[in-house]
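This report concerns only the one structure given below.
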Amino acid sequence: MSRPLETLARDVTASIAFGAVAVSGSVPGPVLLAFPVALGLSLRGVRPLAGRRSASVVLLLAVAAALFGWATFGRLELIVAAVAFAVLVNCHRLVAEPSPQTTRQVLLTSLLVITGGAVLVGDVRFALFVFGFIVAASWTMARMVLDGPEGRREPGIDEAPARRQVAYGLGLTLALGVVLFVVFPRLSWNQAMARAPPGLGGVTGMSESVRLGGGGDIKTNPRVVFRVSLDPDPLTESLEAYWVGRHFTRFDGRQWSSTGTAQPPTRRVLMPFPRRRGARSVKQDIVLSSAYGSRTLVALDVPMHFLNGRSVGLGGAVPMNLSRVPDDQVLAMLEGNEIGYEAISVDEPSFDTSAPPASATELPALDPRVRALAVELKGPAKAPLDVATRFERELTRRYAYTLALPGEVDDPLVDFLFVRRAGHCEDFATALAVLLRIEGIPSRVTTGFLGGQRAGARYHVRAGDAHAWTEAYVDGAWRRFDATPEAGRSASPPAWLSAAIVAYETVEEWWRLRVLDYSVRDQFAFVRDVLRWPSGTDEAGEARGASLTPTGRGALVVSLATVALLALLFLPRRRGRGTHPASGLLDAIEATLRARGVDTGGKPLEEFSQSLTATNHPLGPALAHVTRRYLEARFGARPLGPREQRALLATLETPPGPSAG
């Protein structure tokens with residue numbers, strides 16, 4: 001039985017469903033490899049499991065036992081095990097003998113796979129896969145109808161009407177889907193799904209130490225590592241904001257590290273800074289994506305308060321404790337696909353008045369040239385603030401920024417200052433901190449991020465925004481100094497890639513706000529805005545006429561567009577049903593068969609005709625001819641007049657002659 005187009009449509013549908021879960025990165029590697037192999041065999045017409053039903057079923061059950069066994073012992077998430085098993089069932093069906101039953105099984109299993117994708121992925125990429133799945137699955141089912149149960153169609157039948165009907169059905173499905181999404185009661189998706197990291201490509205995180213001599217490739221990484229909402233919102237397209245992550249005070253000549261022990265976990269962490277009246281505070285709601293790769297929390301400089309921590313994983317959002325560790329680093333005490341929390345910062349450079357530790361002035365053995373350079377760059381400056389400012393300015397002026405580094409060297413600080421005379425932010429921050437310590441000024445290297453770009457209602461900070469700078473304890477407080485040249489402070493991916501990533505993330509941000517996080521509360525607010533007709537008075541106190549709110553106007557436009565779409569889809573079909581020459585022939589055929597005592601059993605006409613022919617029924621040849629002419633008239637380009645209809649029915653009414661044998 002040949003069903004090439006139906007089988008191809010089936011394979012495409014299964015591939016789209018597989019892609020919806022493959023992009024999550026959660027599916028086990030062997031499963032990711034198995035599906036392309038099975039798909040390749042199917043496309044080449046190779047069916048190794050045809051005729052081996054028992055052995056293949058036993059193998060599939062063994063794989064299922066292994067997958068769910070791993071899930072039972074915590075080595076695999078249950079939803080991942082279920083999705084992996086559904087993918088393997090599809091692999092099994094792809095390389096079995098093609099048939100209508102096999103196609104239906106693949107479609108059903110693919111539906112289970114893409115449903116699992118809603119839990120594993122759920123981002124805007126998943127929306128594209130869902131749309132593709134709807135189209136491919138609808139066309140597969142249409143091919144099943146056109147090809148019939150035996151995989152054969154009568155020649156000369158025009159497929160254009162069938163394609164139009166499939167298009168009508170798709171349009172109706174999408175339109176009604178949008179309407180149901182907006183008005184049907186729901187639970188928020190973020191209670192039942194694993195958030196996939198937003199953005200594209202690359203992984204980064206806060207390291208446990210800063211080691212000189214490494215590369216600076218991270219500056220070209222466009223991956224979003226956290227998203228943040230600000231209150232008050234500056235309403236700018238980009239931020240020139242410093243996001244503090246970690247402080248390092250101990251330096252051994254090559255590597256910076258932290259000192260001390262962690263404090264007990266609590267729900268809130270309050271930094272040990274004295275409160276000041278009148279200080280302007282900024283509240284941040286921050287979500288660290290899995291691309292961030294660390295449990296170190298970040299906040300605007302100067303962070304004062306961390307609270308409301310939550311870990312988002314496959315089981316939803318879970319409250320989480322926080323812990324402050326030495327050098328004012330704050331850690332999340334749980335891991336998750338994403339880490340969310342709130343932070344409150346003070347927009348005042350000298351807010352942090354915590355006393356410097358002894359390690360903030362310690363120095364390793366230094367090359368004599370470094371101390372001589374400190375004297376040279378210091379010049380006539382005497383006051384600590386003036387000395388720090390002069391060091392910062394001279395390093396920025398005399399040294400160049402570069403990402404092209406030679407790798408490991410004996411003394412990376414000397415190599416930066418006297419050999420290459422160029423480096424990235426960690427080199428500049430280290431050089432400034434060492435020069436300050438030579439002059440007896442406590443200093444530390446701070447790592448975090450610099451920047452932020454608006455996307456929708458939030459700001460996105462990228463891996464390429466990772467930065468290091470210096471803090472010096474002058475005039476009784478820690479102050480920020482950044483010796484890195486301006487050109488090397490912000491992310492610097494290629495322009496075309498940056499533009500593409502920004503466009504993608506803008507769409508993704510809209511998807512997250514309007515779809516993933518769309519809840520019953522949002523539904524209520526939407527309906528309230530649609531139904532509210534604001535009114536007021538003009539300057540003279542006269543009542544003004546009511547007018548729709550912006551949300552109401554948008555809803556009205558969408559409603560009118562939906563009505564127009566439904567009218568466009570259905571009115572032509574309704575008008576055509578009553579005027580088609582063959583519209584009443586099917587009922588007449590079934591009535592004639594009943595009069596002859598022949599029961600169709602509810603089967604479609606074409607299928608019933610084929611069954612009569614296969615069993616050598618006396619009416620088989622006549623019914624096959626009548627069925628062929630009906631299909632040509634209804635779906636093809638051969639009109640059927642009233643006289644011919646009567647002649648066709650007469651062939652069914654005339655008793656057949658005696659059968660041979």
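Because the structure is predicted, anything quoted here is derived from the model rather than measured. Count residues from 1 along the sequence.
- Contact detail for W478 and P356: the closest heavy-atom pair is CZ2-CB, 3.4 Å.
- The shortest heavy-atom contact between V27 and V21 is CG2-O, 3.6 Å.
- Atoms CG and CG, from L432 and D427 in turn, are 12.5 Å apart once rounded to the nearest 0.5 Å.
- Two residues are said to be in side-chain contact when any heavy atoms from C-beta on lie closer than 4.5 Å; V409 and F416 fail this criterion.
- Side chains of Y242 and D482: a donor-acceptor N/O pair is present below 3.5 angstrom, by distance only.
- Across every non-hydrogen atom of T396 and P485, the tightest pair is CG2-CA, 3.9 Å.
- To the nearest 0.5 Å, the span separating OG1 on T361 from CG on L436 amounts to 12.0 Å.
- Here the straight-line distance linking atom CZ of R397 with atom CD of E392 works out to 13.5 Å at 0.5 Å rounding.
- In this structure, OG in S359 is found 10.0 Å from CZ in R444, a value given to the nearest 0.5 Å.
- Here E376 pairs with R398 in a salt bridge; the nearest charged N to carboxylate O distance falls below 4.0 Å.
- Heavy-atom contacts from other residues, nucleotides or ligands closer than 6.0 Å to CZ of R268 number 12 or fewer.
- Here the two rings, on F391 and F481, have centers that are 6.0 Å apart or farther.
- Considering only heavy atoms from C-beta on, L300 comes within 4.5 Å of L230 through its side chain.
- Residues Q453 and D465 are not in side-chain contact: their nearest non-hydrogen atoms beyond the backbone lie 4.5 Å or more apart.
- The two residues S345 and P303 come nearest to each other via the heavy atoms OG-CA, 3.5 Å.
- The minimum heavy-atom distance between V445 and A433, with the atom names listed, is CG2-CB, 4.1 Å.
- S443 and R437 share a donor-acceptor pair across their side chains, judged by distance under 3.5 Å alone.
- A salt bridge between D352 and R480 is absent, with no side-chain N of the basic residue lying under 4.0 Å from a carboxylate O of the acidic one.
- Using a 30° and 60° split on the angle between ring planes, Y292 and F449 fall in the tilted class, from 30° to 60°.
- Using the six-membered ring where Trp is involved, F306 and Y341 have ring planes that are tilted, between 30° and 60° apart.
- Heavy atoms of other residues, nucleotides or ligands lying less than 6.0 angstrom from CZ of F418 number more than 12.
- When each of T447, I339, L331 is paired with T296, the side-chain contact (heavy atoms from CB on, under 4.5 Å) condition holds for L331 and for no other.
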